[in-house]
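Have a look at the structure below before the remarks.
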2 protein chains.
Amino acid sequence: MAAIGKLAGVSQVTVSRALSHPEKVSPDTLKRIREAIEVTGFVPNALAGALSSRRTQLITALIPTMTNIVYASLLHSFSDIMRSYGYQIMLSETGFDPDMEEQLVATLLSRRPDGILLWGLQHTASTRRMLLNADIPVVEVWDLTETPIDCSVGFSQFDAGQAVARFAHERGYRRAATVNTSDVRTLTRRDGFISRFTELSGMPVLSIDTPAGAPTLGQGRAALRELIDRRGFSDGVIFCGSDQFAHGLLIEAQTRGLRIPEDIAVVGFGDQDFAADTEPALTTVRVDRADLGDRAARALLERIEGTSDTPEAVIDVGFTLIPRGSA
Amino acid sequence: MAAIGKLAGVSQVTVSRALSHPEKVSPDTLKRIREAIEVTGFVPNALAGALSSRRTQLITALIPTMTNIVYASLLHSFSDIMRSYGYQIMLSETGFDPDMEEQLVATLLSRRPDGILLWGLQHTASTRRMLLNADIPVVEVWDLTETPIDCSVGFSQFDAGQAVARFAHERGYRRAATVNTSDVRTLTRRDGFISRFTELSGMPVLSIDTPAGAPTLGQGRAALRELIDRRGFSDGVIFCGSDQFAHGLLIEAQTRGLRIPEDIAVVGFGDQDFAADTEPALTTVRVDRADLGDRAARALLERIEGTSDTPEAVIDVGFTLIPRGSA
DNA sequence: GTGAAAGCGCTAACAA
DNA sequence: TTGTTAGCGCTTTCAC
């Protein structure tokens with residue numbers, strides 16, 4: 001910057017001003033400074049700027065994994081908004097592990113992010129303490145809680161499960177099963193479904209759990225084989241924790257010559273891009289992930305930039321049941 | 001740090017040493033320093049450290065989009081390796097747009113990353129110039145080139161297309177079509193297929209292009225309708241730029257009562273997690289994305305840490321044709 | 001509108 | 001093994 005200043009015949013400070021507050025510099029000097037920058041190919045050092053101003057324009061995002069479209073698409077819209085406000089994203093994956101999350105928070109806090117995005121509500125005590133001490137805006141997404149670390153944007157997993165149970169019962173299904181990854185978040189949803197369905201129909205609900213991680217079509221197919229061949233499930237509705245599972249069930253059912261939804265009905269979760277194009281089209285629950293990412297970004301921005309004196313702490317984005325052909 | 005030093009009865013520098021080079025500090029002082037850190041909850045400021053040492057431990061990754069598993073899974077393994085060496089990832093999406101990439105490089109360079117990951121070979125002149133000036137290790141992944149900015153890890157798209165053409169011809173298919181997103185990378189692959197297939201069979205190849213972006217199952221279904229209903233394609237093999245498309249073709253074909261592979265044969269690309277579980281299972285081209293991310297990370301690390309005096313500039317990870325039931 | 005001075009919180013080089 | 005000194009390249013404050 002000093003070099004640029006010399007070229008433009010001004011001091012280093014004026015160059016700094018030209019970059020951060022161009023309106024405070026006369027048009028003439030501004031022009032000379034810009035020319036000098038152009039000529040030299042000067043790239044300012046954001047590190048030094050951040051150290052001095054105590055604002056890094058950096059956001060830390062911790063998601064379970066980026067190889068699942070659910071997490072990726074939320075982050076996608078979140079990043080878009082953040083970037084448009086001049087913030088960059090530092091991304092790390094927790095692999096569904098709160099201890100890993102704790103370790104990452106400890107490391108990443110040393111980079112002094114202006115804000116943090118966390119997935120879900122399951123954090124270690126130490127994570128909470130560090131975050132509180134750091135006094136940084138935090139947004140927890142996906143699940144909803146009345147007692148967030150700072151603020152929470154999402155929907156009630158339990159309610160979503162209940163809504164599917166109500167829908168299934170209204171459609172006349174009397175027997176039910178669920179297929180889920182064994183991740184706390186999807187299990188809460190499953191429990192909502194089971195409790196409500198049992199209450200309505202008086203029948204027990206069969207459950208299949210797969211390991212936490214990315215749900216696959218193959219696991220969905222295997223789950224249906226398991227349900228039919230070994231668990232004695234012969235007809236009714238199956239509520240899946242993910243559209244991938246549901247699609248797998250559809251394929252396995254067709255391969256076995258089962259009719260959908262007459263013999264087996266299937267409900268997915270997520271309304272992913274393929275859900276409307278399966279055969280038959282998949283009945284599922286839509287969560288507007290783009291909207292969720294968007295709202296999370298804005299909630300964080302409000303806190304960082306202090307644009308609102310009464311920022312909302314809990315934002316419910318809801319969900320929508322989308323009836324199609326599979327149930 | 002000075003405060004920690006005071007608590008432990010040493011100078012600020014010794015605290016710094018205890019954190020970065022604990023072996024250079026006596027066990028006794030080390031213990032006192034660690035206690036002081038524990039008590040106060042002190043979190044070092046990596047910004048100041050980076051400014052002073054000129055090493056940020058930060059890697060910039062620019063990928064087209066994270067909502068596509070192909071990009072996400074490569075980045076996943078890349079990040080894993082990088083993180084295990086103490087580097088953090090700053091992620092941004094270019095949306096397949098070289099101008100966007102240029103803008104991002106300009107911004108992100110100001111954070112002084114220790115290395116950069118770029119997707120593909122299509123960069124603006126200005127991007128190249130900035131990167132060269134910055135004198136930072138750069139790795140270009142996916143496509144291969146003999147003249148990388150710095151180094152390149154990937155496979156030949158053209159060769160992959162040719163390999164599929166050879167395979168299809170050997171299997172006895174005499175007519176062919178392709179379905180692709182109109183992105184430079186997949187088009188090179190398509191061109192390899194077309195040139196080779198035409199050469200072998202003497203027949204022209206029909207092509208369908210969809211907009212650049214995430215390929216969907218629905219687009220695959222639509223493509224088959226287009227080919228059959230409007231382009232007069234009645235039998236032969238269809239080479240898809242993505243497994244999503246291929247899966248869509250499978251579903252559409254079955255809905256129409258077409259036999260696979262007798263009436264229509266389908267070859268996908270990517271060997272995604274569902275490819276082995278479609279009905280019939282999908283013949284596709286496997287690219288080991290985890291290995292690719294891994295090799296890219298190691299190539300970058302070699303350059304950053306100067307561990308090898310003769311780092312390879314071009315690393316071909318190849319591809320494998322996986323014959324299954326669909327072709 | 002512009003500049004001088006001080007300092008952000010660390011690391012590097014050297015000295016003790 | 002430990003401490004002193006001198007920056008890293010900016011922003012902030014205050015004066016002109």
- Message: Is it the case that the side chain of Arg32(A) and the backbone of Ala8(A) share a donor-acceptor pair, with hydrogens and angles ignored and the cut-off at 3.5 Å?
- Response: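 Yes.
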[X] [atom1] to [Y] [atom2] distance, which is reported to the nearest 0.5 Å:
X	Y	atom1	atom2	answer
Arg295(A)	Ser77(A)	CZ	OG	11.5 Å
Cys151(A)	Glu302(A)	SG	CD	8.5 Å
Leu62(B)	Leu118(B)	CG	CG	5.5 Å
Leu47(B)	Arg111(A)	CG	CZ	8.5 Å

- Presence of Ser26(B) side-chain N/O under 4.0 Å of dT2(D) phosphate oxygens OP1/OP2: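 Result: yes.
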- Query: So which one's nearest nucleotide on DNA chain C is more toward 5', Arg32(A) or Gln12(A)?
  - Reply: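 Checking each residue's closest nucleotide, the 5'-ward one belongs to Arg32(A).
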- On DNA chain C, which is the earliest and which the latest nucleotide, 5' to 3', with an atom closer than 4.0 Å to a heavy atom of chain B?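 Under 4.0 Å from chain B, the extent on DNA chain C is dG9(C) to dA13(C).
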- Task: Determine whether Pro22(A) and Arg34(A) make a side-chain contact, defined as any pair of heavy atoms from C-beta on separated by less than 4.5 Å.
- Result: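 Side chain of Pro22(A) against side chain of Arg34(A), heavy atoms only: contact under 4.5 Å found.
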Atom-to-atom span, [atom1] of [X] to [atom2] of [N] - whole angstrom:
X	N	atom1	atom2	value
Asn45(B)	dC8(D)	CG	C1'	13 Å
Arg112(A)	dC10(D)	CZ	P	21 Å
Leu47(B)	dT11(D)	CG	C1'	13 Å

- Task: Would you list the pairs meeting ring pair (Phe, Tyr, Trp, His ring centres under 6.0 Å) in which at least one residue belongs to residues 3-33 of chain B, sequence neighbours left out?
- Result: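 Residue pairs passing ring pair (Phe, Tyr, Trp, His ring centres under 6.0 Å), neighbours aside: none found.
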- ring pair (Phe, Tyr, Trp, His ring centres under 6.0 Å) pairs, two or more places apart, involving residues 132-154 of chain B: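 Of all non-adjacent pairs touching residues 132-154 of chain B, those that pass ring pair (Phe, Tyr, Trp, His ring centres under 6.0 Å) are Trp119(B)-Trp142(B), Trp142(B)-Phe155(B).
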- Message: Which residues in residues 49-57 of chain A have a heavy atom closer than 4.0 Å to any atom of DNA chain C?
- Response: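 Per residue number, the list reads Leu51(A), Ser52(A), Arg54(A).
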Can you check nucleotides 13-16 of chain D for protein contacts, nitrogen or oxygen pairs under 3.5 Å, and list what you find?
none

- Task: Quick one: list whatever passes side chain to side chain contact (heavy atoms under 4.5 Å, CB included) with Thr310(A), sequence neighbours left out.
- Result: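 With sequence neighbours excluded, Thr310(A) shows a side chain to side chain contact (heavy atoms under 4.5 Å, CB included) to Ser308(A), given in chain and number order.
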- Would you call Lys31(B) and Glu35(B) a salt bridge, taking side-chain N to carboxylate O under 4.0 Å as the test?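 Salt bridge flag = yes for Glu35(B) with Lys31(B).
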- Item | Single hit among Ile136(A), Ile59(A), Leu300(A), Ile149(A) for side-chain contact (heavy atoms from CB on, under 4.5 Å) with Ile116(A) |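 Single pass found, and it is Ile136(A).
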